[in-house]
Colleague: 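Here you go, one structure.
This is a predicted model, so every value here is computed, not measured.
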Amino acid sequence: MAAPAQPQTDPGHSSHPEAESNQRRGLTLRSVLLGLVLVVGLDGTAIYLRYVYHGSLMTYSHVPMAMLIVFTLLIFTTATAGRLTGFLLSPSEWHTILAMGVVGATVPGYGVTGHLIGLMAAPYYYQLPYRTTIPWEVHVHPYLPDWLFPTNEGSTISWFYEGLPPGAEIPWGAWMLPLLWWTTMIAALFVALGCVAAIFRKQWVRNERLAFPAMAPLIHMASHPGSGRHPLPEFTRNRRFWIGFGLAFGVIAWNCIEYFSVNFPRFPIHGETWYWIDKQFPP
């Protein structure tokens, strides 16, 4: 009789169930709290730069720049604190923090709320007499429920676009109920997207072994956050990291000089020419 097959074990993990559970456990209280710090920090950064400073779209990318900046600062700060105090997080916990940051970066600015708030406010603002000749109150407004679209009662929508008059308070009451119901729709959408990702994960990750190159550097950073022996994360103790960082940062820093001196030469890293394969395909 043939001997029973032995279960295969991953050489990178301990065979002890308790040790393996501790090593793989990423959803902890401190990882969730730091993930919330990352989400709030990147959302605040993105909103301020977009709507106050009128700068770049910090959440417009597969790897949002606001998330990348705050996550990098967080992982460097934690590595330094771990060297001084011994407070260290496992790679699994950093993966949880990274996942929270990637999802949270889709909400502010260009991702969700940048379109949603304008969608909610536009029907009652662009119907004003000095903006359109179409009677929106006849053709549009009867089909808009009050619990989804705030009305312009008390100049709520006009103040949203044109600013509050001196001494006026933000009319939160007109916005709370529509925001509540739109939030439930967004939450349902995120749950549906999570279910779709769970369905396709096995095929993409195990069978097709997709590399996801845009996320690979961040996953590598989260996998080598720091062991407490050095004040910097472990991924920085690689000469190739500093060579790649130096080349990329050096080119961008060189081009920044042109912002202040127009005739200064720059590296052409942002092409402005579109190439068409066929008119049926995007450029």
Side-chain angles (χ1 to χ4, degrees), residues 32-33 35-67 69-70 96-97 99-199:
V32 172
L33 291 178
L36 292 176
V37 171
L38 174 60
V39 171
V40 173
L42 70 89
D43 287 358
T45 301
I47 293 173
Y48 178 83
L49 291 177
R50 177 59 177 161
Y51 299 111
V52 179
Y53 190 74
H54 300 289
S56 303
L57 291 171
M58 299 298 287
T59 58
Y60 183 66
S61 176
H62 293 291
V63 180
M65 188 57 61
M67 190 276 296
I69 293 174
V70 180
T96 300
I97 297 171
M100 293 178 64
V102 172
V103 175
T106 64
V107 175
Y110 196 85
V112 175
T113 56
H115 294 285
L116 175 62
I117 303 300
L119 172 67
M120 295 167 57
Y124 287 97
Y125 182 70
Y126 289 96
Q127 60 88 25
L128 298 178
Y130 59 89
R131 291 193 165 272
T132 182
T133 58
I134 301 175
W136 285 38
E137 65 276 6
V138 176
H139 301 289
V140 178
H141 293 173
Y143 304 98
L144 302 179
D146 295 341
W147 50 273
L148 280 181
F149 295 89
T151 65
N152 199 33
E153 183 178 355
S155 301
T156 299
I157 305 302
S158 298
W159 291 353
F160 173 78
Y161 280 97
E162 301 170 7
L164 291 173
E169 297 182 357
I170 299 177
W172 292 111
W175 289 94
M176 294 305 295
L177 186 60
L179 285 174
L180 173 65
W181 284 109
W182 280 107
T183 301
T184 60
M185 187 274 292
I186 295 173
L189 179 61
F190 271 89
V191 171
L193 292 175
C195 295
V196 171
I199 293 173

Colleague: Tell me whether the rings of Tyr161 and Tyr125 are parallel (<30°), tilted (30 to 60°) or perpendicular (>60°).
Modeller: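 Parallel.
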Colleague: Are Met65 and Thr45 side-chain neighbours, meaning at least one heavy-atom pair lies under 4.5 Å?
Modeller: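 Result no, sub-4.5 Å side-chain heavy-atom pair not found.
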Colleague: Relative to each other, are the rings of Tyr48 and Tyr53 parallel, tilted or perpendicular (30° and 60° limits)?
Modeller: parallel
Colleague: Checking Ile117 against Leu179 for the side chain to side chain contact (heavy atoms under 4.5 Å, CB included) test, could you report, in this order, the C-alpha distance in whole Å, the side-chain angles of both residues, the deciding distance, and whether it holds?
Modeller: CA-CA 9 Å; Ile117 303 300; Leu179 285 174; 3.9 Å; yes
Colleague: What pair of heavy atoms forms the shortest contact from Ile157 to Thr151, and how long is it?
Modeller: CG1-O, 3.5 Å
Colleague: So, taking the atom named CG in Asp146 and the one named NE2 in His141, what distance separates them when rounded to the nearest 0.5 Å?
Modeller: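 Separation between the atoms: 10.5 Å.
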Colleague: Quick check for you: to the nearest 0.5 Å, what is the distance between Ile47 atom CD1 and Thr113 atom OG1?
Modeller: 6.0 Å
Colleague: Is the closest side-chain heavy-atom distance between Leu148 and Leu144 below 4.5 Å?
Modeller: no
Colleague: Do you know the tightest heavy-atom contact between Met120 and Phe149?
Modeller: O-CD2, 3.6 Å
Colleague: Could you report the tightest heavy-atom contact between Pro108 and Asp43, atom names first, then the distance?
Modeller: CG-OD1, 3.2 Å
Colleague: Side chains of Pro150 and Tyr124: closer than 4.5 Å at any heavy-atom pair?
Modeller: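 Counting from C-beta outward, Pro150 and Tyr124 never come under 4.5 Å.
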Colleague: At their closest point, which heavy atom of Thr156 faces which heavy atom of Ala174, and how far apart are they?
Modeller: CG2-CB, 3.8 Å
Colleague: Which atom names give the shortest non-hydrogen contact between Met100 and Val39, and what distance separates them?
Modeller: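 So the two residues come closest at O-CG2, 3.4 Å.
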Colleague: Of the non-hydrogen atoms in Trp175 and Ala121, which two are nearest, and what is the gap between them?
Modeller: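 Smallest heavy-atom distance, with atoms named: CH2-CB, 4.0 Å.
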Colleague: Could you pull out all residues at least two apart from Leu193 that satisfy side chain to side chain contact (heavy atoms under 4.5 Å, CB included)?
Modeller: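 Residues passing side chain to side chain contact (heavy atoms under 4.5 Å, CB included) with Leu193: Leu189.
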Colleague: Mind checking the CE-CZ spacing from Met185 to Phe190? Nearest 0.5 Å is all I need.
Modeller: 10.5 Å
